[in-house]
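Everything on this sheet refers to the single structure shown next.
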Amino acid sequence: MKKKKIQVIQTLQNCLKVGGAVIGAYHQDDVVGFANIENQFFGSNSQYLELPYIHVSNEFRQYGIGKKLFHLCKEKAKQMGAKKLYIAAHPSIESQYFYQSVGCTYADEIHQKIYEKEPLDIQLEISL
């Protein structure tokens, strides 16, 4: 588990280095949630930016933190010039319910590299 956390931290640091965004949720001084937006446009009209991570610690779920992070990511992606956010969502019922509840739909275009990383993920999008 520690190896995965280090990998996620490195990914988020790299995201910031190349102009992406990372948004955190805190309880006192502890990070209880985070999300990020990559800064690489794709799609037939370069309309997409990817939201690769959105996570809220188990004990802080059901408080609206995930929805707030998602909303902030939408705002940031729009500021960055995107027309849509692209999400490769875990196929679990909980994940699918979350993305449906915030208005995501099946992606109009599939990003092949993202799909190939996790072929069981559900490819979603939301218009900004």
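Nothing here was measured: the structure is a model prediction, and the numbers come from that model.
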Gap between atom [atom2] of [Y] and atom [atom1] of [X] - 0.5 Å precision:
{"X": "Asp121", "Y": "Leu124", "atom1": "CG", "atom2": "CG", "answer": "9.0 Å"}
{"X": "Lys83", "Y": "Leu128", "atom1": "NZ", "atom2": "CG", "answer": "9.0 Å"}
{"X": "Ile122", "Y": "Gln96", "atom1": "CD1", "atom2": "CD", "answer": "5.0 Å"}

**Message:** Test your reading of the model: is there a side-chain donor-acceptor pair from Gln47 to the backbone of Asn45, 3.5 Å cut-off?
**Reply:**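 At least one qualifying donor-acceptor pair exists.
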**Asked** For the side chain of Asn36 and the backbone of Ala21, is there at least one donor-acceptor N/O pair under 3.5 Å apart?
**Response**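 No: the side chain of Asn36 does not pair with the backbone of Ala21.
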**Message:** Applying salt bridge (Lys or Arg N to Asp or Glu O under 4.0 Å) as the test, list every pair that has at least one member in residues 37-60; sequence neighbours left out.
**Reply:**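 For residues 37-60, and leaving out neighbouring residues, there are no salt bridge (Lys or Arg N to Asp or Glu O under 4.0 Å) pairs at all.
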**Item:** Glu75/Met80 under side-chain contact (heavy atoms from CB on, under 4.5 Å): CA gap, chis, key distance, verdict
**Value:** CA-CA 9 Å; Glu75 287 181 10; Met80 293 168 70; over 6 Å; no
Under 4.5 Å side-chain heavy-atom separation, chaining through any Ile, Leu, Val, Met, Phe, Trp or Tyr, what else clusters with [X]? Say none if it is isolated.
{"X": "Val8", "value": "Leu12, Leu16, Val22, Phe34, Tyr53"}
{"X": "Leu120", "value": "none"}
{"X": "Ile110", "value": "Phe42, Tyr48, Tyr86, Ile114, Tyr115"}

With sequence neighbours excluded, tell me which residues meet side-chain hydrogen bond (donor to acceptor under 3.5 Å, both in side chains) with [X].
{"X": "Ser95", "result": "Ser92"}
{"X": "Glu116", "result": "Gln112"}
{"X": "Asp29", "result": "none"}

**Asked** Any side-chain donor paired with an acceptor under 3.5 Å for Glu109 and Gln123?
**Response**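 Per modelled atom types, Glu109 and Gln123 side chains form no pair under 3.5 Å.
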Please tell me if the side chains of [X] and [Y] come closer than 4.5 Å, counting only heavy atoms from C-beta onward.
{"X": "Gln10", "Y": "Asn14", "result": "no"}
{"X": "Val32", "Y": "Val56", "result": "no"}
{"X": "Ile87", "Y": "Cys104", "result": "yes"}

Please list, chain by chain and in numerical order, all residues satisfying side chain to side chain contact (heavy atoms under 4.5 Å, CB included) with [X], sequence neighbours excluded.
{"X": "Tyr63", "answer": "Ile65"}
{"X": "Lys67", "answer": "Phe98, Ser101, Val102"}
{"X": "Gln79", "answer": "Lys76"}

**Prompt:** Do you reckon Leu85 sits in the same ILVMFWY cluster as Tyr106, going by side-chain contacts under 4.5 Å, direct or chained?
**Reply:**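 They do share one cluster, since a chain of ILVMFWY contacts under 4.5 Å joins Leu85 to Tyr106.
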**Item:** Set of residues satisfying salt bridge (charged side-chain N to carboxylate O under 4.0 Å, His left out) with respect to Glu125, sequence neighbours excluded
**Value:**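 Testing Glu125 for salt bridge (charged side-chain N to carboxylate O under 4.0 Å, His left out), a comparison that skips the adjacent residues, returns Lys84.
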**Request:** Output all residues satisfying ring-ring contact (aromatic ring centres under 6.0 Å, His included) with Phe60, sequence neighbours left out; order by chain, then residue number.
**Result:**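 If we apply the ring-ring contact (aromatic ring centres under 6.0 Å, His included) test to Phe60, skipping adjacent residues, the hits are His27.
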**Asked** Going through the checks in order, is the side-chain contact (heavy atoms from CB on, under 4.5 Å) test met by Ile54 and Cys73?
**Response** CA-CA 9 Å; Ile54 185 165; Cys73 286; 5.6 Å; no
